[in-house]
Amino acid sequence: MKIRYTLAALALGASTLVTAPAQETAAATMAPAPSPVALELRTIVDKVTAKLRSGQTSATDLAPELAEFEALLAKYADDKSDDVAQVAFMHALLYVQVLEDAEKGRALLADLQKNFPGTKAAASVPRVLEQIERAAKAEQTLASLIGKPAPEINFTWSDKGDLTTLSALKGNVVVLDFWATWCGPCIRSFPHVRELTARYKDSPVVIIGVTSLQGEAAHRAVCPRR
């Protein structure tokens, strides 16, 4: 999910600066030409996107592109426009979302707010910082659960018949697959879940798909025979 989200963020950020190829509409012909910095940003973003798609996500893999970001920001050091602010924003996102270096990401975002006040990118910083904090708390919560009893889950319906609680499966290795009908990646994972079910059918392993009615907290336990 992380890489998919980053690709979307990079593409969205760059698309706000670079217009699409010529289109057969009056609006397109009246659109302003992209600035030089926008075009240079698009080039870097394309390189990063290609590497992420091929699984190259480490600091070493992305070192050339990170250097290009820094060089581009240095080149336009005296330009405090939205375009250059967007370069700084994309640079920070790489550290936050791909390299998972929250400390460096926070520092870059703080510099962005300081150096580009009033820009759209600077206005987006609080939202990104909130996401960083939320992710950090989620990791802490997950870490605190390791080695401890799982929280109870009460099921309102199950195709296993009399299964009403998670604790009823005590003594088994339980794999919980939380999914929703609107979640594309969840739906695409179903074949893999079925494979796991078949592989461990003669073992004390129970794989349960857990979902809920949209807008409600009630849980439903479903065997992964999808």
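Reckoned from all heavy atoms, side chains included, excluding hydrogens, waters and symmetry mates.
- Between Thr197 atom OG1 and Phe190 atom CZ the span is 11.5 Å, to the nearest 0.5 Å.
- With hydrogens and angles left out, the side-chain atoms of Ser58 and Asp61 include a donor and acceptor closer than 3.5 Å.
- Between Asp82 and Lys120, the shortest heavy-atom contact is OD1-N, 2.8 Å.
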Open item on the list: Test side chain to side chain contact (heavy atoms under 4.5 Å, CB included) on Thr119 and Gln86; report intermediate values, then the result.
Closed with: CA-CA 9 Å; Thr119 62; Gln86 192 71 12; over 6 Å; no
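- Atoms SG and CZ, from Cys186 and Phe178 in turn, are 11.0 Å apart once rounded to the nearest 0.5 Å.
- Of the residues Val48, Leu72, Leu41, the one that meets the side chain to side chain contact (heavy atoms under 4.5 Å, CB included) test with Met90 is Leu41.
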Open item on the list: Checking Leu176 against Val174 for the side chain to side chain contact (heavy atoms under 4.5 Å, CB included) test, could you report, in this order, the C-alpha distance in whole Å, the side-chain angles of both residues, the deciding distance, and whether it holds?
Closed with: CA-CA 6 Å; Leu176 295 176; Val174 180; 3.9 Å; yes
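- Using a 4.5 Å heavy-atom threshold, the side chains of Asp111 and Phe116 count as separate.
- At most 12 heavy atoms of other shown residues, nucleotides or ligands fall within 6.0 angstrom of atom CD in Glu103.
- In this structure, Leu62 and Leu99 have side chains that are in contact, with non-hydrogen atoms separated by less than 4.5 Å.
- Side-chain contact between Phe89 and Val128 is present, with at least one heavy-atom pair separated by less than 4.5 Å.
- If you check the side chains of Ser167 and Thr165, you find a donor sitting under 3.5 Å from an acceptor.
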Task: Trace of the salt bridge (charged side-chain N to carboxylate O under 4.0 Å, His left out) decision for Lys75 with Glu70 - done: CA-CA 9 Å; Lys75 179 179 179 180; Glu70 293 169 3; over 6 Å; no
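- Scanning all heavy atoms of the two residues, the minimum distance from Val96 to Gly105 falls at CG2-CA, 3.7 Å.
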- [ ] For the pair Leu52 and Thr57, evaluate side chain to side chain contact (heavy atoms under 4.5 Å, CB included) and give the outcome as yes or no after the intermediate values.
- [x] CA-CA 6 Å; Leu52 296 184; Thr57 61; 3.9 Å; yes
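- Checked by atom type and distance alone, the side chain of Asn172 never pairs as donor or acceptor with a backbone atom of Val206 at under 3.5 Å.
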TODO: For Val87 and Ile44, run side chain to side chain contact (heavy atoms under 4.5 Å, CB included): C-alpha distance rounded to whole Å, both residues' side-chain angles, the deciding distance at 0.1 Å, then the answer.
DONE: CA-CA 10 Å; Val87 176; Ile44 301 174; 5.9 Å; no
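- Across Phe155 and Leu166, no two heavy atoms sit closer than the pair CE1-N, 3.7 Å.
- Using a 4.5 Å cut-off on side-chain heavy atoms (C-beta onward), Val210 and Trp179 make no contact.
- Between Leu163 and Ala168, the shortest heavy-atom distance links the atoms CD1-CB, 4.1 Å.
- Considering only heavy atoms from C-beta on, Val205 stays 4.5 Å or farther from Leu196 through its side chain.
- The line from OG1 of Thr211 to CH2 of Trp182 is 9.0 Å long, rounded to the nearest 0.5 Å.
- Here the closest non-hydrogen pair linking Ala121 and Leu112 is O-CD2, 3.9 Å.
- Pairing each heavy atom of Val84 with each of Leu73, the nearest pair is O-CD2, 3.9 Å.
- The residue from Gln56, His91, Lys51 that alone fulfils the side-chain hydrogen bond (donor to acceptor under 3.5 Å, both in side chains) condition with Glu65 is Lys51.
- The distance from atom CG of Leu129 to atom CZ of Arg106, rounded to the nearest 0.5 Å, is 7.5 Å.
- Residues satisfying the ring-ring contact (aromatic ring centres under 6.0 Å, His included) test with Tyr76, not counting sequence neighbours, are none.
- Between Val175 and Val193 there is no side-chain heavy-atom pair separated by less than 4.5 Å.
- Here CD of Glu100 is found 12.5 Å from CG of Leu94. Values are rounded to the nearest 0.5 Å.
- In this structure, Glu152 and Asn154 have side chains that are in contact, with non-hydrogen atoms separated by less than 4.5 Å.
- Among Pro34, Ser35, Pro36, the single residue meeting the side chain to side chain contact (heavy atoms under 4.5 Å, CB included) criterion with Asp83 is Ser35.
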Task: Working for salt bridge (charged side-chain N to carboxylate O under 4.0 Å, His left out), residues Glu195 and Arg199 - done: CA-CA 6 Å; Glu195 291 176 5; Arg199 180 184 305 175; 5.3 Å; no
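- A heavy-atom distance below 4.5 Å is not found between the side chains of Arg42 and Lys47.
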